[in-house]
S.K.: 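Have a look at this one before I ask anything.
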2 protein chains.
Amino acid sequence: MLKYQQIASEIQQDIEKDDLPQGTKLPVLETFMSKYKTSKSTVIKALSLLERKGLVYQVRGSGIFVRRRNRKGYISFSNQGFSDELSEFDITAKVMELDIRKPPEDVAFNLKIHPKEDVYYVRRIRYINGQTLCLEESYYNKSIVTYLNTEIATGSIFDYISNALGVKIGFSDLYFHIQKLNQEEAQQLQLKKGDPKLFVETIFYLNNGVPFDFSKVTYNYQQSQFFFQSTGHSL
Amino acid sequence: MLKYQQIASEIQQDIEKDDLPQGTKLPVLETFMSKYKTSKSTVIKALSLLERKGLVYQVRGSGIFVRRRNRKGYISFSNQGFSDELSEFDITAKVMELDIRKPPEDVAFNLKIHPKEDVYYVRRIRYINGQTLCLEESYYNKSIVTYLNTEIATGSIFDYISNALGVKIGFSDLYFHIQKLNQEEAQQLQLKKGDPKLFVETIFYLNNGVPFDFSKVTYNYQQSQFFFQSTGHSL
DNA sequence: AAGTGGTCTAGACCACAGG
DNA sequence: CTGTGGTCTAGACCACTTG
């Protein structure tokens, strides 16, 4: 782990351990420099990371202050996409379908592959604290995600991909829509036809820019409470 | 403007001017260093900024590549909050109410003021390309936003606040919910009761951490297409 | 092995907030 | 004016990808 990440992580832990309230001033840079025996630039880099994560805000000429989330029960929506801190919630999944097939046209387009190439198709229902959270349909480029089974898909597929397959996940594009549930979706989410839904299409890329997963997720509107922290000025 | 911002801006313009496709490799760092007569660190800082903005992705040991937005008609949702690039759309507003009043309890709480202090209350309907985009109710701390009138509120209130009042806007917290429209909202958005809505509560802070605006916005689900780019690894 | 991006440092200098 | 955060530099060194 890089030094500035390590420092950021320790400062974050200190903030959380002491449960510092919003607006608390952190020590001056000099303090961190000597505490971690490092240069000013590295300390600033660590703190900038925390600022982007929404943990602190920096006021030039004044100091660095703690920024806190004020509401509970929201799914955080940081730059990792969702489920950054799934640990806060109890998330489980039930696999409805899993097979190898040829991708539909839109999927092939988004994954930038030929419609003749194989993809893994997975359909799951995911639960949060025992309630239906979402319906998920995912297509994985089989030449990248070389193997998948029901047991794996019951847990976190991404953990499996990055840990077991050694594939490095990069960035993603998310497209959000608000729509109405159709009959089938309503039934699976235990809601009514015509009820609201959040529908998200996501393309996940490897760190070298190759798309490997295209997924369509329909969220239960009753569980769809999201939280997002903006940092304003382009850091 | 800072040097690294200037460089980032110029590189961005070059990318857009030449309409470089996704995956195009940018020149190596050395090229930028001599072109802008600057140090390696500064070039990296500029490119990291562009990476966070979703314009490029960096692959260690390989190069820096262009990343592009693939779909049109989505409202971008960068770290500035929404309406980063309102220029892409034609956004107008109709002011329904504007007055000075005492804040309801939840508003006072979120603005961290006493319920006896004055706030500006503004209710607007905003339009995008002539269609109803959202209903907006905003409360501004009057001790910070000292003056407001209907003419100002017809345009961009934030432009007015930052330019005319010289107030420096910092960061914001956004809370998203998916809900159903009630009768009154449906009527104003020209939709039906029970139709989906995206409901967003936002607290805006000054750059020194003081909250100055609390707003509740109800979006027309038919216009609610948002786009978000995740950068994955914590930059 | 060569090329390329990225970290880290030490120090000069700048920009802003607040008394 | 002082304190504090932030930029910028030059260069050493490291980590990853590609051939």
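In what follows, chains carry the letters A, B, and so on, assigned in the order in which the sequence lines appear, proteins first and then strands, with residues in each chain numbered from 1.
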S.K.: Students often mix this up, so state it plainly: with edges at 30° and 60°, are the rings of Tyr120(B) and Tyr147(B) parallel, tilted or perpendicular?
M.R.: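 Perpendicular, since the angle between the ring planes exceeds 60°.
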S.K.: What is the distance, to the nearest angstrom, from the OH atom on Tyr57(A) to the P atom on dT4(D)?
M.R.: 17 Å
S.K.: Would you say Tyr4(A) places a side-chain N or O within less than 4.0 Å of OP1 or OP2 belonging to dC8(C)?
M.R.: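 Answer no for this pair, as no side-chain N or O of Tyr4(A) is under 4.0 Å from OP1 or OP2.
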S.K.: For nucleotides 9-16 of chain C, give me every protein contact, N/O to N/O, under 3.5 Å, one pair per line with atom names.
M.R.:
unit_1  : atom_1 : unit_2   : atom_2 : d
dT9(C)  : OP1    : Lys3(A)  : NZ     : 2.7
dT9(C)  : OP1    : Thr38(A) : OG1    : 3.1
dT9(C)  : OP2    : Thr38(A) : OG1    : 2.3
dT9(C)  : OP2    : Ser39(A) : N      : 3.1
dT9(C)  : OP2    : Ser39(A) : OG     : 3.1
dT9(C)  : OP2    : Thr42(A) : OG1    : 2.6
dA10(C) : N6     : Ser41(A) : OG     : 3.2

S.K.: Between dT4(C) atom C1' and Gln58(B) atom CD, what is the distance in whole Å?
M.R.: 11 Å
S.K.: Would you please classify the geometry between the Tyr57(A) ring and the Phe171(B) ring as parallel, tilted or perpendicular, with 30° and 60° separating the classes?
M.R.: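 Geometry flag for Tyr57(A) against Phe171(B): tilted rings.
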S.K.: For Asn208(B) and for Gly63(B), find the nucleotide of DNA chain C with the closest heavy atom, then tell me which residue's nucleotide is more 5'.
M.R.: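 By nearest-heavy-atom nucleotide position, the 5'-most residue is Gly63(B).
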S.K.: Check the distance between dG5(C)'s P and Leu50(B)'s CG and give it to me in whole angstrom.
M.R.: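 Answer to the nearest Å: 14 Å.
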S.K.: Report the residue (Val59(B) or Met1(A)) whose heavy-atom-nearest nucleotide on DNA chain C is the more 5′ of the two.
M.R.: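 Upstream on the strand: Val59(B).
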S.K.: Show your reasoning for whether salt bridge (Lys or Arg N to Asp or Glu O under 4.0 Å) applies to Lys216(A) and Glu137(A).
M.R.: CA-CA 5 Å; Lys216(A) 306 181 184 192; Glu137(A) 276 188 299; 5.7 Å; no
S.K.: Grab the NZ-C1' distance between Lys45(B) and dC8(D) for me, whole Å please.
M.R.: 9 Å
S.K.: Parallel, tilted or perpendicular: which one describes the rings of His177(A) and Tyr74(B), with boundaries at 30° and 60°?
M.R.: perpendicular
S.K.: Show the nearest heavy-atom pair for residues Asp213(B) and Ser138(B), with the distance to one decimal.
M.R.: OD1-CB, 3.8 Å
S.K.: Measure CD1/Ile64(B) against P/dC16(D) and give the value in whole Å, please.
M.R.: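 These atoms are roughly 17 Å apart.
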S.K.: Would the Tyr175(B) and Phe226(A) ring centres measure less than 6.0 Å apart?
M.R.: no
S.K.: Between Glu136(B) and Arg126(B), does any NZ, NE, NH1 or NH2 come within less than 4.0 Å of an OD or OE carboxylate oxygen?
M.R.: yes
S.K.: Within residues 21-35 of chain B, which residues have any heavy atom lying less than 4.0 Å from an atom of DNA chain D?
M.R.: none
S.K.: Rounded to whole angstrom units, what separation is found between the CD atom of Gln6(A) and the P atom of dG6(C)?
M.R.: 21 Å
S.K.: Name the orientation class of the two ring planes belonging to Tyr121(B) and Tyr139(B) (parallel below 30°, tilted from 30 to 60°, perpendicular beyond 60°).
M.R.: tilted
